[in-house]
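Numbers restart at 1 for each chain; the letters A, B, ... are given by sequence-line order, proteins then strands.
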Amino acid sequence: MEQYRRIWKERVEEALSAVAEEEGHTIDRDAVAAETPPSSELGDIGFPMFPFARVFRTSPQNIAGKVAERIADRYASASQAPGTVTQEGPYVNAKLDRPSVFANVLDTVLSAPEQWGRTGREEGRRVMVEFSCPNTNKPLHLGHLRNDALGESVSRMLDAAGATVRKVNLINDRGIHICKSMLAYLKLGEGSTPESEGKKSDHFVGDYYVKYEELVRENPKVADEAADLLRRWEQGDPEVMELWKRMNDWAVSGIEESYRATGVTFDQIYLESETYTSGRDEVLRGLEQGVFFRAEDGSVWVDLEDVGLDKKVLLRSDGTSLYLTQDIGTAIARYRDWPFDRLIYVVASEQRYHFQVLFTVLSRLGFEWADSLYHLAYGMVNLPHGKMKSREGTVVDADDLLAELQELAAQEIHNKERADVVGDVPATARSIALGALHYYLLQATPNKDMVFDPAASISFTGNTGPYLQYMGARISSIVRKSHGVQIAPWEELDLSVLSAPEEWDLIKLVSSFPDTVSEAASELNPALLANHLYDLAKLFSRYYHEHPVITNDDPALRGARLALCRAVAHTLRAGLPLIGVPFLETM
RNA sequence: GCGUCCAUAGCUCAGGGGAUAGAGCAACUGCCUUCUAAGCAGUAGGUCCCAGGUUCGAAUCCUGGUGGACGCGCCA
């Protein structure tokens with residue numbers, strides 16, 4: 001659709017300039033804007049004439065009339081983007097030649113469906129995306145799910161837009177939090193294992209973290225013991241290292257199981273235990289260069305007050321690294337490992353300040369690529385009845401939530417008596433659960449806080465993932481059943497039979513799908529794509545209720561409509577996975 | 001105290017200079033002998049937080065308020 005807009009904008013600019021010249025005016029071509037009229041009846045591309053009223057000293061209606069008259073039928077049978085132009089009030093509106101658009105778009109989609117939606121807008125760009133970054137003291141929760149959904153979706157969209165994407169994870173496997181779980185295990189574990197308890201391994205570790213919280217409430221001195229464990233870990237105490245390894249393996253393998261279940265993958269996984277001292281040398285180098293300063297107690301600081309930030313500590317007085325120090329080190333290491341044009345950190349918006357500081361410090365250290373760092377901040381996920389608070393036990397566990405959604409989906413399959421048709425009920429229920437979850441998390445603008453309502457997400461009516469999956473399944477069913485019906489071959493199809501308004505609106509939505517993908521990719525906003533696919537599904541749903549496809553009497557109409565159905569199906573098939581929603585043939 | 005982000009229908013969210021501000025949920029009314037009713041159509045629901053400003057034109061941009069969230073650790 002984008003190319004049509006470009007071509008017609010050019011034509012309108014030319015006509016407007018010509019009219020202006022005849023009347024002795026000059027216009028600013030940049031003031032010509034291509035917009036979308038509120039309904040297809042008015043036209044397909046609209047050009048408001050308001051900005052030119054002043055130079056012409058007449059009404060926009062008047063100008064629109066003259067411009068429209070000049071263009072009118074001039075391009076009615078142009079070889080490229082044929083169509084006509086009308087005046088609609090103060091607007092000049094282009095109406096595309098429908099059969100040629102149908103032919104064009106359908107041919108593009110159907111001849112290379114696996115390429116549909118893939119563009120070259122980000123061609124040649126190397127983009128690293130960091131996301132997830134779990135702690136190893138407890139399993140993933142709902143907040144991680146938003147993070148993972150965003151990271152995956154943004155990565156897939158960038159890939160579809162032609163970028164070379166590298167997904168990285170940084171597992172926070174060291175520090176006081178894991179020592180707390182370790183301590184509780186030492187006190188209460190009695191050699192038990194996830195296997196002996198029959199628990200998913202990361203939940204097993206997480207349970208000891210909860211037990212630690214109970215222990216420290218009873219006896220605050222337990223905190224000192226945890227700190228002591230951390231000291232022994234840092235000294236490399238073999239006994240502590242052995243336990244640390246064991247518990248980390250449990251935590252990480254459990255988390256990886258969750259990744260597999262949700263379709264999350266990484267190209268590289270960094271471990272904090274291997275990177276936590278990095279950045280120290282960089283800070284010392286910065287100190288020598290006079291970028292930083294040393295306080296009396298030996299700690300190293302950066303003063304960012306001139307750019308509206310604070311003074312921040314970069315090295316403790318004992319010379320050890322902090323979170324910020326480590327992030328400096330890992331950023332540098334990553335650029336060395338895989339030079340990027342852009343590094344996107346998918347991290348909660350609470351850490352905005354941290355990233356401002358990080359980016360500024362890297363820039364002051366002289367890394368010109370510091371400008372390519374971007375913090376994709378996303379808002380908190382709240383629950384209908386308030387916030388998630390670990391102390392109040394209202395944190396929604398990722399695995400539990402997914403299991404609950406899957407159960408609800410399975411029930412629904414049975415209620416609708418679809419089990420026989422669907423075949424593998426658990427697998428289908430799992431796909432529906434994922435679709436529900438990911439669509440709900442991604443249809444909201446990343447930046448904003450959101451309320452996650454599990455019941456609403458899986459609800460099978462309305463603006464939900466399952467609704468989109470249902471439409472995909474319905475079209476697939478129509479396409480499947482078409483095999484037993486006589487259809488005119490593609491070369492002989494008469495596309496002018498596609499005369500319903502819905503058909504025209506459908507093909508326009510289909511044709512702008514690649515534009516939406518690349519826009520959503522460059523804006524790093526999956527919600528744009530989610531909304532587009534919803535509009536498409538919604539419109540198709542209305543359409544096929546009123547317009548029989550394979551049960552139609554007219555073979556010409558059957559063939560043309562089926563081609564349109566296929567194109568819509570391919571669009572959903574290509575688009576849904578980009579927002580983490582599995583495409584289903586049957587449900 | 002300072003900083004960042006947010007405010008649109010009863011609720012959850014779209015729309016981010018341009019044509020009558022849109023969906024979904026919830027409420028009410030119709031539609032299954034017909035490609036899956038997990039659906040479709042319809043009714044009702046709005047001072048786009050407030051006040052100024054910029055503009056031919058502001059829900060959208062700017063300034064100032066108000067309300068809310070989150071930051072401002074030798075935590076991560």
Next on the checklist: Can you measure Gln87(A) atom CD to A19(B) atom P for me and round it to whole angstrom units?
Outcome noted: 17 Å

Next on the checklist: Can you measure Lys387(A) atom NZ to G68(B) atom C1' for me and round it to whole angstrom units?
Outcome noted: 10 Å

Next on the checklist: Using Watson-Crick or G-U wobble geometry with both distances under 3.5 Å, which nucleotide pairs with C35(B)?
Outcome noted: none

Checklist entry - Can you check whether Lys416(A) has a side-chain N or O nearer than 4.0 Å to OP1 or OP2 of A38(B)? => result yes

Item to check | Nearest-neighbour nucleotide for the Thr586(A) side chain, U36(B), G18(B), C13(B) considered | outcome: U36(B)

Checklist entry - Considering only the C1' atoms, how many Å lie between A26(B) and C11(B), rounded to the nearest integer? => result 8 Å

Checklist entry - When you compare C49(B) with G42(B), how far apart are their P atoms, in angstrom units rounded to a whole number? => result 28 Å

Item to check | Options C72(B), A38(B), C5(B), nucleotide nearest the side-chain atoms of Tyr470(A) | outcome: A38(B)

Checklist entry - With both distances kept under 3.5 Å, what pairs with U29(B), Watson-Crick or G-U wobble? => result A41(B)

Checklist entry - For atom C1', what is the distance between A58(B) and A51(B), given to the nearest Å? => result 15 Å

Item to check | Donor-acceptor pair present, Asp449(A) side chain and A7(B) base, under 3.5 Å | outcome: no

Next on the checklist: Counting the atoms with a prime plus P, OP1 and OP2 as sugar-phosphate, which does Pro384(A) contact under 4.0 Å by heavy atoms, base, sugar-phosphate, or nothing?
Outcome noted: nothing

Next on the checklist: Syn or anti for C32(B), given that syn means the glycosidic angle lies within 90° of 0?
Outcome noted: syn

Next on the checklist: Closest-nucleotide mapping onto RNA chain B: is Pro548(A) or Ala295(A) further toward the 5' terminus? I mean the 5' end.
Outcome noted: Pro548(A)

Item to check | Watson-Crick or G-U wobble partner of C13(B), both distances under 3.5 Å | outcome: G22(B)

Checklist entry - Who does U66(B) pair with, Watson-Crick or G-U, both distances under 3.5 Å? => result A7(B)

Next on the checklist: Heavy atoms from C-beta onward define the side chain here; which of A19(B), C25(B), A14(B) lies closest to that of Thr461(A)?
Outcome noted: C25(B)

Item to check | Step-by-step salt bridge (Lys or Arg N to Asp or Glu O under 4.0 Å) determination, Glu274(A) to Arg174(A) | outcome: CA-CA 9 Å; Glu274(A) 292 168 1; Arg174(A) 66 158 289 281; over 6 Å; no

Next on the checklist: Considering every strand and a 4.0 Å limit on heavy-atom distances, what is the contact class for Tyr467(A): base, sugar-phosphate, or nothing?
Outcome noted: sugar-phosphate

Item to check | Toward the 5' end of RNA chain B, by each residue's nearest nucleotide, His547(A) or Ile413(A) | outcome: His547(A)

Item to check | Out of C72(B), C13(B), U12(B), whichever nucleotide has its closest atom nearest the side chain of Gln443(A) | outcome: C13(B)

Next on the checklist: Students often get this wrong, so: under 4.0 angstrom with heavy atoms, is Val451(A) touching a base, only sugar-phosphate, or nothing?
Outcome noted: sugar-phosphate

Item to check | Asp318(A) and Thr320(A): side chain donor to acceptor below 3.5 Å | outcome: yes

Item to check | Donor-acceptor under 3.5 Å (His547(A) side chain, Glu503(A) main chain) | outcome: no

Next on the checklist: Pairing check on A76(B): which nucleotide meets the Watson-Crick or G-U wobble criteria with it, both distances under 3.5 Å?
Outcome noted: none

Checklist entry - Which whole-number value in Å describes the distance from Tyr323(A) OH to G71(B) P? => result 13 Å

Item to check | Paired nucleotide for C2(B) [Watson-Crick or G-U wobble; both distances under 3.5 Å] | outcome: G71(B)

Next on the checklist: What contact category does Leu170(A) fall into here, base, sugar-phosphate, or nothing, at under 4.0 angstrom with non-hydrogen atoms?
Outcome noted: nothing

Item to check | Closest non-hydrogen atom pair between Thr86(A) and Leu42(A), with its separation | outcome: OG1-O, 4.4 Å

Next on the checklist: Please classify the nucleic acid contact of Met587(A) as base, sugar-phosphate, or nothing, using heavy-atom distances under 4.0 Å.
Outcome noted: base

Next on the checklist: Looking at U12(B), I'd like to know if its phosphate oxygens (OP1 or OP2) sit under 4.0 Å from a side-chain N or O belonging to Tyr439(A).
Outcome noted: no

Checklist outcome for this item: From the candidates A76(B), G73(B), G18(B), the one with an atom nearest any side-chain atom of Lys312(A) is G73(B)

Checklist entry - Contact class for Ser299(A) vs. all strands (heavy atom < 4.0 Å): base, sugar-phosphate, or nothing? => result base

Checklist entry - So what does Lys448(A) hit on the nucleic acid, given a heavy-atom distance under 4.0 Å: a base, only sugar-phosphate, or nothing? => result base

Item to check | C6(B) phosphate, OP1 or OP2, under 4.0 Å from Asn447(A) side-chain N/O | outcome: yes

Checklist entry - Does Tyr534(A) stack onto the base of A23(B), taking stacking as ring centres under 5.5 Å apart and planes under 30° apart? => result no

Next on the checklist: Is the positively charged end of Arg474(A) above the ring of Phe540(A), judged by distance under 6.0 angstrom from the centroid and angle within 45° of the axis?
Outcome noted: no

Checklist entry - Is there a Watson-Crick or G-U wobble partner for C48(B) with both distances under 3.5 Å, and which nucleotide is it? => result none

Checklist entry - Nearest to the side chain of His354(A), which nucleotide is it out of A19(B), A41(B), A76(B)? => result A76(B)

Checklist entry - Around atom NE2 of His385(A), are there more than 12 heavy atoms of other residues, nucleotides or ligands at under 6.0 Å? => result no

Checklist entry - Taking N and O atoms by type only, does the side chain of Arg418(A) place a donor or acceptor under 3.5 Å from a partner on the base of U36(B)? => result yes

Item to check | Donor-acceptor contact below 3.5 Å, side chain Arg561(A) vs main chain Pro548(A) | outcome: yes

